[in-house]
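Below, read A as the first sequence line, B as the second, and so on, with proteins coming before strands; counting in each chain starts at 1.
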Amino acid sequence: MTTQPQEHAAYDFAYVQEKWLPIWDKLEPFKSGRADDPRPKKYVLDMFPYPSGDLHMGHAEAYALGDVIARYWIQKGFNVMHPIGWDAFGLPAENAAIKRNADPREWTYENIAVQKSSMRRYACSFDWDRVFNTCDPEYYKWNQWLFIELHKRGLAYRKDSAVNWCPGCQTVLANEQVVAGLCERCDSAVTKKKLNQWYFKITDYADRLLDDMEQLEGKWPEKVLQMQRNWIGRSQGANVQFEIEGRDEPVTIYTTRPDTLYGATFMVVAADSALAAELAAGGPVEKEFNDYLESVKAASDIDRLATDRPKTGVDLKRFAINPVNGAKLPIWASDYVLADYGTGAIMAVPAHDQRDLDFAKAMKLPVQVVVQTDEEDPAVTFVATTGDGVLVNSGSLNGLNKADAIAKITAELEAKGLGKSARNYRLRDWLVSRQRFWGTPIPIVHCDKCGEVPVPADQLPLTLPSAKDIDLKPKGQSPLAAATDWVNTTCPSCGAPALRDSDTMDTFVDSSWYFLRYPSSTNDKEPFSRADIDTWLPVDQYVGGVTHAILHLLYSRFFTKVLNDMGMLGFNEPFTRLLNQGMVLMDGSAMSKSRGNLVRLSDELENHGVDAIRLSMVFAGPPEDDVDWADVSPSGSVKFLSRAWRLSGDVTSAPGVDFSTGDLSLRKATHKALHDAAFAVESFRFNVAIARVMELVNATRKAVDSGCGAADPAVREAVEAIAIMLSLVAPFTAEEMWERLGHKPAIATAGWPEVDPALLVADEVEAVIQINGKIKGRINVSPSISDADLEAAALAHADIVKELNGAAPKKVIARAPKLVNIVL
RNA sequence: GCCCCCGUAGUCCAAUGGCAGAGACAGAGGACUUAAAAUCCUUCCAGUGUCGGUUCGAGUCCGACCGGGGGCACCA
């Protein structure tokens, strides 16, 4: 660092950063919830981080964006709560602990401390009084309390089911941990395993999760709503009963095409369903079926995911009776029918369903066309016809179209008690058990006599034991099961010896309600108080990555609805507005050490300063787009910030000077920038907002150097506006400018200057004159000119008179004050 | 296979259906300087992926296609 101050030197960002941090610590400009605060509230929330090492470039983008929003609303006079915490349970800590033979607590709390201090240096506008970590017993106590509440309501239950199993890690995997059929951690091929596990009954809320999205229309990204709809996957159809020869009970199938009932030529049951085993038992094909079932079970997800897999199956030599025409349909078992969707059995209509047709082709089964379309015969082409058409070969349905046929056959079936209209969902219940240590212990005691007994509320939290004497290595069972002192207990109900549930909860449980805890973060009587909730919730603005578009957001919405039903909340959607930021890439791909394109945030901050990195992130493009770090210029940001900062040294008028006497054109530029930047921020076009500030900086530079001069009050007004607008994205530079302008910190609460509408009106605008849409002339007019006056002025314009050459216009469109189009 | 989003200068990106360029990066030139850096100024660069339609007028709306990205995926 040179000691000789240079006249045009860039300001010293490192010095400025160190200077202001302790002052801000003292002033606490972002403290929310003072009892006497008269300002209207705004809850701005960033998705809380997982403490996996220090902050990286992705965090830098996310928190820069959340900060712009939070700081904007503060400047606009709102009482903003902008909290932060840590999503601190999870696998990476456990893996690190195994590697270092340590307790996951150490690694986790060390990383939280590192991230916390980085956030402070990054000047995040967080309210540090509300911090909590999900691995704190004071927090996960309430996970356990909620679990028990769900259990009471039948929304937490256990069942046997085929779950994702990684043979490498010896553990169950969540769906999201299975990437293209492989374990995301060890790349082993994932298989299915039948296990007894805890589930949350999210399917009870499928319709509400779908229908309540109406409230979010236009406020959440359309893409996210689409993904959630897709994930829930509601379909409308009918359940139809088929008698089975030699079986007392009929079998119910689900179909979305009851209109094609007459085209059913066989039935298929899921190979891994109880029904398939029952139908095969004792019959001639029992051995063949069992062999087939074995091969199906052994198939990995990779195999199941292959799209052009040949169809396989076993003819069970049993028959179903088509209720509409008495036809005898052979029953097959196959893995192309899913046991856990619908009823696990289908009627196969090969003419009008491609999968059924593929199966019919492989097994040489008949194809019966019942909907006449203008497409070619599926029995010949082996391309199923799925479009609308006229029903044929279908008894009472003949001659109808698809929609009418569906209505008619459904009514007929219902009248005969053979079926009824039904809905199905792609959404499955949420598997919440994990065979892992570093999570919330499931607060249930298993008693031989009393069954599943919840841990009494006064014994919560049920804390995790120390990891010191526990082998955390995955071996197919929770490490807690081996902690005998912990697992062995007595039944809270009868007092007999009993065992604790040794599984822990999915960490998504932690994050499904954390946003409700911030307003009550120190409350040890309840998870949150209704008064706090009514004050602050719902979240006005949620900011986070699109990676959470389905799971986290769906689970949070589910919890909110459950808590609403429990009377603990007065709303049913937790996040009023959602902003998804894109990813930070390098040279077109995600950053990773192995790819060799990792950009270290700490290096960037060291080289360019906090403000320049924040500015670069926000200016790079629309927030939801990915940022390719190769395309942005942090040194360009430094240059701009220095340019803005230099202006604060040029101002010679005193603070408080009357702006109204200042240079009019610069004043108009200032007020237009304030107006446009505010509009841009509110519509999440932060890059545009910054462009407006850049324009004002350029205009002010010109005014100082070759215009009204540095002493003009308009220059002070402009530079103060620049500082306040910059405070959203470059807080250090802005604070330094504010001080040089003669003001006291903190600029964060200085307030957005009021825009004078009179200064937004231009004196004169240039109107364009077109002939047949082509520009032929321009005239300067008053902004308040009428359409008629503008039209007259245009027709009188010398160039236009010449161009028209006496021809009479067919039509003249005038759009005062901008445009006239003369149509010939 | 089904669904969604996006294609604008060399690059990143702006543009309530009304002058395609706001802003920036990179490039070129100039001023200042012994020189360089820094600073200041000036400047080059596309007719909006393709074809068709609606309109007085289309980057913007509609349709098809091409290219890129994403989600779901044997869900009956």
Open item on the list: For a quick check of understanding: with a heavy-atom distance under 4.0 Å over all strands, which category does A:Arg692 fall into, base, sugar-phosphate or nothing?
Closed with: base

Open item on the list: Starting the side chain at C-beta, find the nucleotide from B:G23, B:C13, B:A20 nearest to A:Ala691.
Closed with: B:G23

TODO: May I ask you to say whether A:Arg646 pairs ionically with A:Asp650, meaning some side-chain N is under 4.0 Å from a carboxylate O?
DONE: no

TODO: Record whether the side chain of A:Arg778 comes under 3.5 Å of the base of B:C19 through a donor-acceptor pair of N or O atoms.
DONE: yes

Task: Separation of the C1' atoms in B:G67 and B:G23, to the nearest angstrom - done: 28 Å

- [ ] Whole angstrom is fine here: how far is it from CH2 in A:Trp629 over to C1' in B:C25?
- [x] 13 Å

TODO: For B:A20 and B:C32, measure between their P atoms and round to the nearest Å.
DONE: 39 Å

TODO: Could you give the distance separating B:U8 and B:C3 at their P atoms, to the nearest angstrom?
DONE: 25 Å

Open item on the list: For A:Lys402, is the NZ atom crowded, meaning more than 12 foreign heavy atoms sit under 6.0 Å from it?
Closed with: yes

Open item on the list: Checking one value: the base orientation of B:G71, syn if chi is within 90 degrees of 0, otherwise anti.
Closed with: anti

Task: Interatomic distance where CZ belongs to A:Arg426 and P belongs to B:C2 [whole Å] - done: 14 Å

Open item on the list: Nearest to the side chain of A:Val337, heavy atoms from C-beta on, is which of B:A76, B:G71, B:C40?
Closed with: B:A76

TODO: Under 4.0 Å between any heavy atoms, over every strand shown, what does A:Gln770 touch: base, sugar-phosphate, or nothing? Just pick one.
DONE: base

TODO: Remember a base hit wins even if backbone is also touched, and classify A:Asp356 as base, sugar-phosphate or nothing at under 4.0 Å, heavy atoms.
DONE: nothing

- [ ] Using a 4.0 Å heavy-atom cut-off across all strands, classify A:Lys639 as base, sugar-phosphate, or nothing.
- [x] sugar-phosphate

Task: P atoms of B:U43 and B:G53, separation to the nearest Å - done: 40 Å

Task: B:C72 base / A:Asn230 side chain donor-acceptor hit below 3.5 Å - done: no

